[in-house]
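Per chain, numbering begins at 1; letters A, B, ... match sequence-line order. Computed over heavy atoms, backbone and side chain alike; hydrogens, waters and symmetry mates excluded.
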Amino acid sequence: MSIFVPMQKTGKESASVLLDQLNDAQRAAVEFCDGPSLVIAGAGSGKTRVLTYKIAYLLEQGLPPFYILALTFTNKAAREMKSRIAELVGEKRARSLWMGTFHAIFSRILRNEAEAIGFRSNFTIFDSSDSNNLIRLIIKEMNLDDKLYRPGPVHGQISRAKNSLITPAMYAANEEILQYDRMAKRPHLFEIYQRYQNRLRSGNSMDFDDLLMYTNILFRDHAEILEKYRNQFQYILVDEYQDTNFAQHLIVKQLADIHHRVCVVGDDAQSIYSFRGANIDNILKFKSNFNETQIFKLEQNYRSTQNIVNAANSLIKKNSEQIFKDVFSENEPGEKIEIRGAFSDFEEGLIVSNKIARMRMEEHASYGDFAILYRTNAQSRIFEESLRKNNIPYRIYGGLSFYQRKEIKDVISYFRLIVNPDDEEAFRRIINYPTRGIGDVTVGKISAAAALHQVSLWQVLESPLTYNLDINTGTARKLADFQSLIADFIDKNSQMNAFELAQEVIRNSGIAKEAYEDMTPEGMSRTQNIQELLNAMNEFVATRQEQGEENNQLVDFLSEVSLLTDQDTDKEGENEKVTLMTVHSAKGLEFDHVFVVGMEEDLFPSAMAKSEMRGLEEERRLFYVAITRAKKTCTITHARSRFRNGVTNPAVASRFLKDIDPKFLSTDSQLGGEISYPSQADDFWGSMRAERLQKQERSISSPNRVTPVQRTTSTLPLSKEAKELEVGHLIEHERFGRGVVTSIEMGGNDRRAFVEFESAGKKQLLLKFAKFTIIGSTGNNR
DNA sequence: TAACACTTGTTTTTT
DNA sequence: ACAAGTGTTA
């Protein structure tokens with residue numbers, strides 16, 4: 001049975017014209033619409049193309065846009081897909097599609113159905129720092145050891161529970177989990193979870209994971225509501241399915257359970273979010289979860305050169321769990337992947353920025369064609385410096401997003417409290433910001449009274465007498481002032497638009513005054529940020545008015561903002577800049593020239609992931625993602641020493657470099673080309689590090705702390721050969737063969753020799769690494 | 001209560 | 001190195 005009304009040619013493009021623009025595999029995937037389908041899309045194989053054309057195809061078949069649910073991984077992906085669909089079928093139809101992230105779509109649905117699960121539709125959404133703050137507070141209230149119970153890990157555990165749909169009650173009843181917590185010396189976790197969840201609920205708020213968990217609870221407990229959305233979402237598409245978690249999987253499963261018209265797209269080789277609860281089994285076992293699943297494989301890579309594709313293939317082959325596929329490229333063979341070993345992280349920065357400058361001239365590339373990808377955000381700094389020195393414009397993604405900044409969170413907290421006065425986190429944030437003489441003691445009293453009477457902090461503030469708040473008259477006056485300030489805003493919220501109200505808030509709350517008086521550079525920048533927030537609100541309000549939606553502006557603005565990431569905010573005029581970002585955030589993007597930097601043990605793969613096989617395989621997939629972002633060239637760098645956490649540590653090249661078939665690599669290195677494949681030098685570093693770690697451990701208990709070695713590298717004894725080496729010597733190098741030493745340089749503690757090799761040309765050798773023998777002298781040494 | 005110095009952990013990735 | 005959290009002083 002087909003749900004589709006007879007085909008009608010409404011748009012400029014008919015369905016057949018759409019299909020003409022696809023290859024066979026893509027077309028097959030687009031055309032199959034009458035059952036569950038799994039599209040395994042290799043890197044660069046036109047996954048997004050399939051999704052957009054499939055949606056356009058469905059629309060062309062006559063399916064109304066609001067019957068289609070399309071779930072993406074980021075807001076940006078949704079936006080881009082929407083605009084591409086708009087080009088195919090027109091703006092109007094594209095706009096009515098239900099397209100967005102799981103979190104965005106289901107927060108919208110939860111707002112509509114909030115009453116059914118005991119919330120009000122104006123609930124606030126906690127970001128992870130809000131969550132951590134609340135957890136920290138609960139730990140303190142429970143008098144638990146805050147060394148054992150840290151907000152981050154505790155939140156992580158709660159998050160994992162929620163993503164597996166384990167409610168606090170289920171958690172407390174699960175002997176296995178309790179046993180695990182006892183072993184981890186955290187027997188009270190279940191209680192923290194319980195209290196945390198109660199607090200969120202009494203503040204009419206949800207964290208990220210709640211959006212998914214409560215959607216499941218909503219569907220589980222309200223058959224009629226589930227039925228309603230099942231009927232509405234006649235066709236469901238999910239992008240990046242390899243990165244969905246159990247809660248997300250179950251939502252999709254339930255919505256698609258009757259009609260089975262669901263298409264999930266993903267690549268198991270690119271599953272990189274298990275730390276967030278993503279379950280690679282969702283895609284590996286999709287076939288067994290949905291009967292009669294059709295599987296389509298997109299294997300032709302249109303993005304990268306053959307060399308890049310082949311190199312990436314040889315890498316990912318080292319993983320055990322995966323769906324077989326044969327990704328290939330018919331583009332030109334292209335250049336080999338270049339591996340460069342740097343002496344230090346500082347030099348790594350120079351190598352990369354120099355190469356960018358050079359390639360830009362030689363290949364007539366634009367800065368926007370380059371990306372520097374790293375494992376951790378902390379690595380960005382060194383590249384920023386070297387790029388700045390070279391006058392290369394760049395743009396950093398990630399790190400602290402605009403909406404995470406303190407001044408922005410403070411202002412936003414006013415909005416949150418206006419929309420939802422029960423929001424405890426917002427309340428605590430601003431009750432004394434700007435300072436109005438209400439300190440910790442008073443807040444503590446309010447909090448205690450609220451807990452005693454099972455009401456929110458705001459309710460206590462509204463009628464302090466009712467809840468026997470024990471405060472002096474001066475404090476009572478201040479509290480009343482604050483209360484009427486917010487009450488006044490709440491009142492105004494129904495009279496003016498969100499932008500006007502925001503201006504009012506800035507003016508009347510004292511934020512404006514404080515900002516005005518603070519003339520420090522940091523203060524000025526804060527003021528600027530607040531102005532930027534106002535601009536964003538103005539734009540939001542204008543857009544909404546254009547679309548004829550005047551109501552609930554502030555709620556919707558907050559909702560949108562709390563689910564926004566830095567990735568989503570694309571600024572104008574940022575095209576001519578080198579992109580710096582983590583590999584994670586590069587997912588789904590592509591660049592002509594990619595630099596994958598910091599390929600070192602304990603960094604990539606990260607020290608955390610090493611212990612488990614699964615973790616290691618995920619890191620390898622992450623590396624795979626990094627390489628496959630490149631269209632034309634890929635350069636991989638690593639440093640032999642790295643400055644981290646205030647000290648310089650020796651670093652060993654990543655084991656993953658060995659996983660790539662050497663025939664796709666070029667190892668032309670100015671440092672003697674010594675990729676640190678396991679060698680004597682590495683063993684040496686290895687033992688050095690082990691020793692150092694032991695020392696650090698000991699130093700924790702000992703009062704006279706062992707000062708960490710500042711420049712460990714200098715302690716490496718030079719070989720006899722290296723010490724004796726002089727200008728004019730003829731040497732035989734392990735890799736470069738014969739050469740003459742032209743000069744020797746003392747770079748700090750590091751002796752370097754410049755050598756003219758017979759076949760390999762001019763090279764710079766670091767004497768403590770280089771492996772060579774002196775075979776004679778040319779006689780012209782001084 | 002507010003401002004300041006001191007201590008502590010942090011660095012894996014993010015909707 | 002750095003930020004955030006904690007404790008101390010005025």
Between the protein and nucleotides 1-3 of chain B, are there any N/O to N/O pairs under 3.5 Å, and if so, what are the atom names and distances?
| unit_1 | atom_1 | unit_2 | atom_2 | d |
| --- | --- | --- | --- | --- |
| dT1(B) | OP1 | G439(A) | N | 2.9 |
| dT1(B) | OP1 | T442(A) | OG1 | 3.2 |
| dA2(B) | OP1 | G437(A) | N | 3.4 |
| dA2(B) | OP2 | N432(A) | ND2 | 3.1 |

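- Protein atom CD of Q248(A) is 12 Å distant from nucleotide atom C1' of dT14(B), rounded to whole Å.
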* Carefully, step by step, assess K389(A) and E385(A) under the rule salt bridge (Lys or Arg N to Asp or Glu O under 4.0 Å). => CA-CA 6 Å; K389(A) 260 180 226 156; E385(A) 279 168 23; 5.3 Å; no
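- Contacts of F604(A) with the nucleic acid, taken as non-hydrogen atoms under 4.0 Å apart, are absent.
- Remark: P of dT14(B) and CG of L622(A) are 10 Å apart, rounded to the nearest angstrom.
- The backbone N or O of S271(A) sits less than 3.5 Å from a side-chain atom of R621(A), completing a donor-acceptor pair.
- The residue R381(A) sits close only to the backbone: its heavy atoms come under 4.0 Å of sugar-phosphate atoms, none of a base.
- Remark: R620(A) fails to qualify as a cation-pi partner of Y624(A) under the 6.0 Å distance and 45° angle criteria applied to the six-membered ring.
- Interatomic distance, R416(A) CZ to S205(A) OG, rounded to the nearest 0.5 Å: 7.5 Å.
- Y273(A) comes within 4.0 angstrom of the backbone, heavy atoms only, and of no base.
- Atom-to-atom, CG of D209(A) to P of dT14(B) comes out at 16 Å; the value is rounded to the nearest Å.
- Between the side chains of K478(A) and T442(A), no donor-acceptor pair of N or O atoms lies under 3.5 Å.
- Taking the six-membered ring where tryptophan is involved, the planes of F540(A) and F557(A) are perpendicular, since the angle between them exceeds 60° and thus also 30°.
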Between the protein and nucleotides 5-9 of chain C, are there any N/O to N/O pairs under 3.5 Å, and if so, what are the atom names and distances?
| unit_1 | atom_1 | unit_2 | atom_2 | d |
| --- | --- | --- | --- | --- |
| dG5(C) | OP1 | R136(A) | NH1 | 3.1 |

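- The distance between the ring centers of H584(A) and F275(A) falls below 6.0 angstrom.
- Remark: aromatic rings of F383(A) and F595(A) are distant, center separation not under 6.0 Å.
- Under 4.0 angstrom from either OP1 or OP2 of dT14(B) there lies at least one side-chain N or O belonging to S585(A).
- A straight line from CD of E407(A) to P of dA3(C) spans 13 Å, rounded to a whole angstrom.
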Kindly give the atom pairs (protein nitrogen or oxygen, nucleotide nitrogen or oxygen) under 3.5 Å for nucleotides 6-12 of chain B.
| unit_1 | atom_1 | unit_2 | atom_2 | d |
| --- | --- | --- | --- | --- |
| dT11(B) | O2 | N645(A) | OD1 | 3.4 |
| dT11(B) | N3 | N645(A) | OD1 | 3.1 |
| dT12(B) | O2 | R375(A) | NH1 | 2.9 |
| dT12(B) | O2 | R375(A) | NH2 | 2.4 |

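- For R381(A), there are no side-chain hydrogen bond (donor to acceptor under 3.5 Å, both in side chains) partners, not counting sequence neighbours.
- What separates CG of L589(A) from C1' of dT13(B) is a distance of 15 Å, to the nearest Å.
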* Under a cut-off of 3.5 Å for both distances of each Watson-Crick or G-U pair, what dot-bracket string does DNA chain B give, using [ ] for crossing pairs and | for inter-strand pairs? -> ||||||||||.....
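- Note: CG (D410(A)) to P (dA4(C)) measures 12 Å, nearest angstrom.
- Between the side chains of S559(A) and R108(A), no donor-acceptor pair of N or O atoms lies under 3.5 Å.
- Ring orientation note: the planes of F123(A) and F119(A) are nearly perpendicular, at an angle over 60° on the 30°/60° scale.
- For residues 236-248 of chain A, the side chain to side chain donor-acceptor pair (under 3.5 Å) pairs, not counting sequence neighbours, are K47(A)-D239(A), K47(A)-E240(A), N163(A)-N245(A), E240(A)-Q242(A), Y241(A)-H249(A), D243(A)-K587(A), T244(A)-N282(A).
- For K587(A) and dT14(B), the NZ to C1' distance is 10 Å, given to the nearest whole Å.
- The CZ-C1' distance, from F73(A) to dT14(B), rounds to 7 Å in whole Å.
- For D145(A), the CG atom sits in a packed shell: over 12 heavy atoms of surrounding residues, nucleotides or ligands are nearer than 6.0 Å.
- Considering every non-hydrogen atom in both Y374(A) and S380(A), the closest pair reads OH-CB, 3.3 Å.
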